[in-house]
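Each remark here refers to the structure printed beneath this line.
Naming: A, B, ... by sequence-line order, numbering from 1 per chain.
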There are 2 protein chains.
Amino acid sequence: MAKSEDDERPERISDAEHAVMETLWARSPLTAAEVCEAVCAERDWSLPTVKTLLSRLVTKQAVETRPDGRRFLYSPLLARDDYVGGESRRLMDRLFGGRAAPLFAHLAQDEALTDADIAEIEALLKELKQ
Amino acid sequence: MAKSEDDERPERISDAEHAVMETLWARSPLTAAEVCEAVCAERDWSLPTVKTLLSRLVTKQAVETRPDGRRFLYSPLLARDDYVGGESRRLMDRLFGGRAAPLFAHLAQDEALTDADIAEIEALLKELKQ
DNA sequence: GCACAACGACTACGCTTGTAAACATTAAGC
DNA sequence: GCTTAATGTTTACAAGCGTAGTCGTTGTGC
(Lines give C-alpha, C1' and ligand atoms only; values in the text may rest on other atoms or scores of the structure.)
Protein backbone atom coordinates (compact mmCIF):
# COMPACT_ATOMS: atom_id res chain seq x y z
CA MET A 1 0.00 0.00 0.00
CA ALA A 2 1.58 3.18 -1.28
CA LYS A 3 5.06 1.89 -0.76
CA SER A 4 6.78 2.96 -3.93
CA GLU A 5 10.49 2.35 -3.88
CA ASP A 6 11.45 5.99 -3.75
CA ASP A 7 9.57 5.97 -0.50
CA GLU A 8 12.42 6.07 1.97
CA ARG A 9 11.56 3.71 4.72
CA PRO A 10 13.85 5.11 7.33
CA GLU A 11 16.82 2.84 7.76
CA ARG A 12 17.49 1.88 11.30
CA ILE A 13 19.82 4.06 13.29
CA SER A 14 22.29 2.17 15.39
CA ASP A 15 23.18 2.84 18.97
CA ALA A 16 26.40 4.65 18.23
CA GLU A 17 24.73 6.65 15.51
CA HIS A 18 22.01 7.63 17.91
CA ALA A 19 24.56 9.22 20.22
CA VAL A 20 25.66 11.41 17.34
CA MET A 21 22.07 12.29 16.53
CA GLU A 22 21.49 13.38 20.11
CA THR A 23 24.39 15.78 19.80
CA LEU A 24 22.96 17.28 16.66
CA TRP A 25 19.50 17.46 18.12
CA ALA A 26 20.89 19.40 21.02
CA ARG A 27 22.62 21.92 18.79
CA SER A 28 23.09 22.23 15.06
CA PRO A 29 24.53 22.75 12.58
CA LEU A 30 27.88 21.51 13.83
CA THR A 31 31.14 20.54 12.22
CA ALA A 32 32.46 17.03 12.68
CA ALA A 33 35.04 18.37 15.12
CA GLU A 34 32.35 20.03 17.18
CA VAL A 35 30.29 16.88 17.29
CA CYS A 36 33.35 15.02 18.49
CA GLU A 37 34.00 17.63 21.09
CA ALA A 38 30.54 17.06 22.45
CA VAL A 39 30.49 13.30 22.32
CA CYS A 40 34.01 11.88 22.18
CA ALA A 41 34.71 12.42 25.84
CA GLU A 42 31.67 10.54 27.02
CA ARG A 43 31.89 7.61 24.65
CA ASP A 44 35.64 7.58 24.40
CA TRP A 45 35.66 7.90 20.65
CA SER A 46 38.18 9.39 18.30
CA LEU A 47 37.42 11.95 15.64
CA PRO A 48 37.62 9.43 12.78
CA THR A 49 34.93 7.38 14.48
CA VAL A 50 32.62 10.35 14.62
CA LYS A 51 33.28 11.10 10.98
CA THR A 52 32.38 7.56 10.01
CA LEU A 53 29.16 7.72 11.98
CA LEU A 54 28.30 11.06 10.43
CA SER A 55 28.74 9.77 6.91
CA ARG A 56 26.68 6.70 7.65
CA LEU A 57 23.95 8.97 8.96
CA VAL A 58 24.17 11.04 5.80
CA THR A 59 23.80 7.88 3.72
CA LYS A 60 20.78 6.93 5.77
CA GLN A 61 19.38 10.39 5.17
CA ALA A 62 19.10 11.08 8.84
CA VAL A 63 21.57 13.94 8.64
CA GLU A 64 22.16 16.54 5.98
CA THR A 65 25.27 18.51 5.17
CA ARG A 66 25.81 22.04 4.09
CA PRO A 67 29.20 23.03 2.74
CA ASP A 68 30.93 25.76 4.68
CA GLY A 69 34.16 26.55 2.97
CA ARG A 70 36.09 23.33 2.68
CA ARG A 71 34.21 21.56 5.44
CA PHE A 72 30.69 20.48 6.20
CA LEU A 73 28.11 21.60 8.63
CA TYR A 74 25.92 18.76 9.76
CA SER A 75 22.29 19.05 10.76
CA PRO A 76 19.66 16.48 11.60
CA LEU A 77 17.21 15.69 8.86
CA LEU A 78 15.28 13.22 10.94
CA ALA A 79 13.35 14.94 13.69
CA ARG A 80 13.97 13.67 17.17
CA ASP A 81 10.27 13.32 17.73
CA ASP A 82 9.95 11.04 14.75
CA TYR A 83 12.84 8.90 15.86
CA VAL A 84 11.63 8.68 19.40
CA GLY A 85 8.11 7.91 18.28
CA GLY A 86 9.30 5.19 15.98
CA GLU A 87 11.43 3.53 18.61
CA SER A 88 8.70 3.72 21.20
CA ARG A 89 6.22 2.17 18.87
CA ARG A 90 8.66 -0.54 17.93
CA LEU A 91 9.08 -1.50 21.54
CA MET A 92 5.37 -1.43 22.20
CA ASP A 93 4.69 -3.56 19.18
CA ARG A 94 7.37 -6.09 19.90
CA LEU A 95 6.79 -6.52 23.58
CA PHE A 96 3.33 -5.36 24.45
CA GLY A 97 1.21 -6.30 21.49
CA GLY A 98 1.18 -2.70 20.37
CA ARG A 99 -0.75 -1.56 23.42
CA ALA A 100 0.43 1.18 25.73
CA ALA A 101 -1.34 0.07 28.87
CA PRO A 102 0.72 -3.07 29.45
CA LEU A 103 3.90 -1.10 28.95
CA PHE A 104 2.69 1.35 31.50
CA ALA A 105 1.70 -1.44 33.83
CA HIS A 106 5.16 -2.85 33.57
CA LEU A 107 6.79 0.41 34.45
CA ALA A 108 4.48 0.80 37.38
CA GLN A 109 5.19 -2.69 38.60
CA ASP A 110 8.92 -2.15 38.37
CA GLU A 111 8.54 0.97 40.42
CA ALA A 112 10.06 2.89 37.59
CA LEU A 113 7.57 5.64 38.23
CA THR A 114 8.47 8.49 40.49
CA ASP A 115 5.87 10.58 42.24
CA ALA A 116 6.57 13.32 39.77
CA ASP A 117 5.95 10.91 36.93
CA ILE A 118 2.64 9.91 38.38
CA ALA A 119 1.56 13.48 38.84
CA GLU A 120 2.54 14.36 35.30
CA ILE A 121 0.79 11.42 33.84
CA GLU A 122 -2.35 12.21 35.77
CA ALA A 123 -2.30 15.69 34.39
CA LEU A 124 -1.88 14.36 30.88
CA LEU A 125 -4.74 11.98 31.35
CA LYS A 126 -6.97 14.73 32.51
CA GLU A 127 -6.15 16.66 29.36
CA LEU A 128 -6.77 13.67 27.17
CA LYS A 129 -10.17 13.06 28.62
CA GLN A 130 -11.69 16.36 27.84
CA MET B 1 35.14 -3.88 39.90
CA ALA B 2 33.36 -6.96 41.09
CA LYS B 3 33.01 -8.24 37.60
CA SER B 4 34.23 -11.77 38.00
CA GLU B 5 33.72 -13.74 34.86
CA ASP B 6 31.07 -15.99 36.36
CA ASP B 7 29.08 -12.82 36.83
CA GLU B 8 26.54 -13.17 34.05
CA ARG B 9 25.76 -9.78 32.72
CA PRO B 10 22.88 -10.76 30.51
CA GLU B 11 24.03 -10.66 26.92
CA ARG B 12 21.77 -8.87 24.57
CA ILE B 13 19.15 -10.87 22.77
CA SER B 14 18.73 -10.04 19.13
CA ASP B 15 15.51 -9.55 17.24
CA ALA B 16 15.43 -12.98 15.69
CA GLU B 17 16.37 -14.57 18.97
CA HIS B 18 13.56 -12.72 20.63
CA ALA B 19 11.04 -14.35 18.33
CA VAL B 20 12.27 -17.73 19.48
CA MET B 21 12.04 -16.66 23.09
CA GLU B 22 8.44 -15.61 22.61
CA THR B 23 7.64 -19.06 21.38
CA LEU B 24 9.20 -20.63 24.42
CA TRP B 25 7.54 -18.19 26.74
CA ALA B 26 4.23 -19.13 25.28
CA ARG B 27 4.82 -22.84 25.82
CA SER B 28 7.74 -24.88 27.03
CA PRO B 29 9.63 -27.10 27.05
CA LEU B 30 9.67 -27.60 23.31
CA THR B 31 11.87 -29.43 20.87
CA ALA B 32 13.64 -27.52 18.13
CA ALA B 33 11.16 -28.91 15.63
CA GLU B 34 8.24 -27.70 17.71
CA VAL B 35 9.72 -24.25 18.00
CA CYS B 36 10.13 -24.18 14.25
CA GLU B 37 6.58 -25.29 13.77
CA ALA B 38 5.43 -22.36 15.83
CA VAL B 39 7.65 -19.71 14.35
CA CYS B 40 8.93 -20.77 10.93
CA ALA B 41 5.70 -20.04 9.15
CA GLU B 42 5.47 -16.49 10.37
CA ARG B 43 9.10 -15.53 9.93
CA ASP B 44 9.72 -17.73 6.93
CA TRP B 45 12.63 -19.54 8.52
CA SER B 46 13.97 -22.99 8.02
CA LEU B 47 14.61 -25.49 10.77
CA PRO B 48 18.40 -24.98 10.66
CA THR B 49 17.88 -21.31 11.33
CA VAL B 50 15.86 -22.05 14.41
CA LYS B 51 18.50 -24.44 15.62
CA THR B 52 21.17 -21.82 15.25
CA LEU B 53 19.12 -19.31 17.18
CA LEU B 54 18.42 -21.83 19.90
CA SER B 55 22.07 -22.63 20.40
CA ARG B 56 22.97 -18.99 20.50
CA LEU B 57 20.34 -18.51 23.16
CA VAL B 58 21.77 -21.42 25.10
CA THR B 59 25.21 -19.83 24.89
CA LYS B 60 23.76 -16.58 26.13
CA GLN B 61 22.14 -18.51 28.96
CA ALA B 62 18.72 -17.30 28.04
CA VAL B 63 17.53 -20.83 27.32
CA GLU B 64 18.30 -24.11 28.99
CA THR B 65 18.18 -27.62 27.60
CA ARG B 66 17.12 -30.87 29.10
CA PRO B 67 18.00 -34.08 27.29
CA ASP B 68 15.04 -36.18 26.26
CA GLY B 69 16.31 -39.32 24.64
CA ARG B 70 18.59 -38.25 21.85
CA ARG B 71 17.17 -34.79 21.53
CA PHE B 72 16.78 -31.68 23.63
CA LEU B 73 13.87 -29.98 25.23
CA TYR B 74 14.33 -26.24 25.36
CA SER B 75 12.97 -23.96 28.06
CA PRO B 76 13.46 -20.30 28.78
CA LEU B 77 15.89 -19.50 31.53
CA LEU B 78 15.37 -15.78 31.23
CA ALA B 79 11.94 -14.75 32.44
CA ARG B 80 9.86 -12.76 30.02
CA ASP B 81 9.22 -10.15 32.66
CA ASP B 82 12.91 -9.62 33.17
CA TYR B 83 13.52 -9.29 29.48
CA VAL B 84 10.63 -6.94 28.95
CA GLY B 85 11.59 -4.88 31.96
CA GLY B 86 15.15 -4.57 30.77
CA GLU B 87 14.17 -3.52 27.29
CA SER B 88 11.65 -1.01 28.54
CA ARG B 89 14.15 0.52 30.86
CA ARG B 90 16.73 0.66 28.10
CA LEU B 91 14.38 2.62 25.91
CA MET B 92 13.40 4.94 28.72
CA ASP B 93 17.01 5.58 29.58
CA ARG B 94 18.15 6.14 26.03
CA LEU B 95 15.35 8.33 24.85
CA PHE B 96 13.60 9.85 27.81
CA GLY B 97 16.31 10.49 30.32
CA GLY B 98 15.16 7.50 32.31
CA ARG B 99 11.81 9.05 33.13
CA ALA B 100 8.50 7.43 32.38
CA ALA B 101 6.41 10.55 32.11
CA PRO B 102 7.97 11.84 28.89
CA LEU B 103 7.57 8.42 27.33
CA PHE B 104 3.97 8.44 28.30
CA ALA B 105 3.55 11.95 27.00
CA HIS B 106 4.95 10.86 23.70
CA LEU B 107 2.55 8.00 23.39
CA ALA B 108 -0.30 10.29 24.25
CA GLN B 109 0.76 12.87 21.72
CA ASP B 110 1.03 10.25 19.00
CA GLU B 111 -2.46 9.13 19.79
CA ALA B 112 -1.08 5.72 20.48
CA LEU B 113 -3.43 5.45 23.41
CA THR B 114 -6.80 3.84 22.94
CA ASP B 115 -9.69 4.59 25.23
CA ALA B 116 -9.16 1.21 26.81
CA ASP B 117 -5.52 2.10 27.46
CA ILE B 118 -6.52 5.29 29.12
CA ALA B 119 -9.04 3.56 31.32
CA GLU B 120 -6.54 0.91 32.32
CA ILE B 121 -3.86 3.40 33.11
CA GLU B 122 -6.25 5.41 35.20
CA ALA B 123 -7.08 2.34 37.18
CA LEU B 124 -3.42 1.58 37.68
CA LEU B 125 -2.76 5.09 38.81
CA LYS B 126 -5.51 4.89 41.33
CA GLU B 127 -3.98 1.76 42.73
CA LEU B 128 -0.54 3.31 42.88
CA LYS B 129 -1.77 6.27 44.79
CA GLN B 130 -3.17 4.46 47.74
C1' DG C 1 55.70 29.02 -3.39
C1' DC C 2 55.66 25.46 0.11
C1' DA C 3 55.05 22.75 4.27
C1' DC C 4 51.51 21.75 7.15
C1' DA C 5 47.12 21.20 9.19
C1' DA C 6 42.30 20.33 8.58
C1' DC C 7 38.92 17.90 6.42
C1' DG C 8 36.04 14.54 3.90
C1' DA C 9 36.40 9.99 1.40
C1' DC C 10 37.87 5.49 1.28
C1' DT C 11 39.48 1.40 3.38
C1' DA C 12 39.92 -1.87 7.20
C1' DC C 13 38.85 -5.29 10.44
C1' DG C 14 36.85 -7.95 14.06
C1' DC C 15 32.26 -8.86 16.03
C1' DT C 16 27.30 -9.76 15.90
C1' DT C 17 23.25 -11.01 13.36
C1' DG C 18 20.30 -13.27 10.01
C1' DT C 19 20.08 -17.09 7.46
C1' DA C 20 21.31 -21.61 6.36
C1' DA C 21 24.00 -25.73 4.60
C1' DA C 22 27.16 -29.69 5.73
C1' DC C 23 28.42 -33.04 8.93
C1' DA C 24 28.26 -36.38 12.61
C1' DT C 25 25.73 -39.27 15.47
C1' DT C 26 22.20 -42.22 16.74
C1' DA C 27 17.61 -44.27 17.32
C1' DA C 28 14.45 -46.85 14.53
C1' DG C 29 12.42 -49.51 10.83
C1' DC C 30 13.02 -53.27 7.78
C1' DG D 1 22.88 -55.61 10.48
C1' DC D 2 22.01 -51.70 7.47
C1' DT D 3 19.72 -47.72 5.66
C1' DT D 4 17.36 -43.74 6.90
C1' DA D 5 15.39 -40.03 9.32
C1' DA D 6 15.92 -37.03 13.14
C1' DT D 7 18.79 -34.13 15.78
C1' DG D 8 22.53 -31.47 17.69
C1' DT D 9 27.22 -29.40 16.19
C1' DT D 10 30.18 -27.03 13.12
C1' DT D 11 30.97 -24.18 9.52
C1' DA D 12 29.60 -20.48 6.23
C1' DC D 13 28.77 -16.15 4.52
C1' DA D 14 26.89 -11.64 3.61
C1' DA D 15 25.34 -7.46 5.89
C1' DG D 16 25.53 -4.25 9.63
C1' DC D 17 28.07 -2.16 13.41
C1' DG D 18 31.84 -0.24 16.37
C1' DT D 19 36.01 1.60 15.94
C1' DA D 20 39.61 3.59 13.59
C1' DG D 21 43.58 4.29 10.20
C1' DT D 22 45.12 6.00 5.55
C1' DC D 23 44.69 8.92 1.49
C1' DG D 24 43.97 12.84 -1.25
C1' DT D 25 42.83 17.58 -1.44
C1' DT D 26 42.91 22.18 -0.17
C1' DG D 27 43.17 26.40 2.57
C1' DT D 28 46.76 28.77 5.47
C1' DG D 29 50.92 30.57 7.70
C1' DC D 30 55.41 31.75 6.66
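- Rounded to whole angstrom, the span from the CD1 atom of A/I13 across to the C1' atom of D/dG18 amounts to 16 Å.
- Note on ring orientation: taking the six-membered ring where Trp is involved, the planes of A/F96 and A/H106 are perpendicular (angle over 60°, cut-offs 30° and 60°).
- B/K51 places its NZ atom 14 Å from the C1' atom of C/dT19, with the value rounded to the nearest Å.
- Taking the side chain of A/R70 as heavy atoms from C-beta on, and the options D/dG18, C/dT17, C/dA6, the nearest nucleotide is C/dA6.
- Taking only distance into account, the side chain of B/T52 meets the base of C/dA20 through a donor-acceptor pair shorter than 3.5 Å.
- Taken to the nearest 0.5 Å, the CZ atom of B/R71 stands 13.5 Å off from the OG1 atom of B/T65.
- Picking from D/dG8, C/dG8, D/dG18 the nucleotide with the shortest atom distance to the side chain of A/Y74 gives C/dG8.
- Closest to the B/A16 side chain, of the nucleotides C/dG18, C/dT17, D/dT19, is C/dG18.
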Check the pair A/R12 / A/E87 against salt bridge (Lys or Arg N to Asp or Glu O under 4.0 Å), numbers first and verdict last. CA-CA 10 Å; A/R12 271 197 53 63; A/E87 291 296 300; 2.7 Å; yes
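- The distance from atom CZ of B/R12 to atom P of C/dT17 is 9 Å, rounded to the nearest whole Å.
- Between the side chain of B/R56 and the base of C/dG18, at least one donor-acceptor pair of N or O atoms lies under 3.5 Å.
- Closest contact between the side chain of A/W45 and the listed nucleotides C/dA9, D/dT19, D/dG8 involves D/dT19.
- The distance between atom CG of B/D44 and atom C1' of C/dG18, rounded to the nearest whole Å, is 13 Å.
- Of the candidates D/dA6, C/dC7, C/dA20, C/dC7 carries the atom nearest the A/R71 side chain, counting heavy atoms from C-beta on.
- One finds no side-chain N or O of B/S46 lying less than 4.0 angstrom from the OP1 or OP2 phosphate oxygen of C/dT19.
- In terms of phosphate contacts, A/S55 brings no side-chain nitrogen or oxygen within less than 4.0 Å of OP1 or OP2 of C/dA9.
- Remark: C1' of C/dA5 and CG of A/L47 are 13 Å apart, rounded to the nearest angstrom.
- Counting any heavy atom pair closer than 4.0 Å across all strands shown, A/T49 reaches a base atom.
- Distance B/L54 CG to C/dG18 P: 14 Å, rounded to the nearest Å.
- What separates CE of A/M21 from P of D/dG18 is a distance of 14 Å, to the nearest Å.
- The structure places CG of A/L103 at 5.0 Å from CG of A/L107, a figure rounded to the nearest 0.5 Å.
- Separating the CG atom of B/D68 from the P atom of C/dT26 is a distance of 16 Å, rounded to the nearest angstrom.
- Under a 3.5 Å cut-off, the side chain of A/R80 and the backbone N or O of B/L95 do form a donor-acceptor pair.
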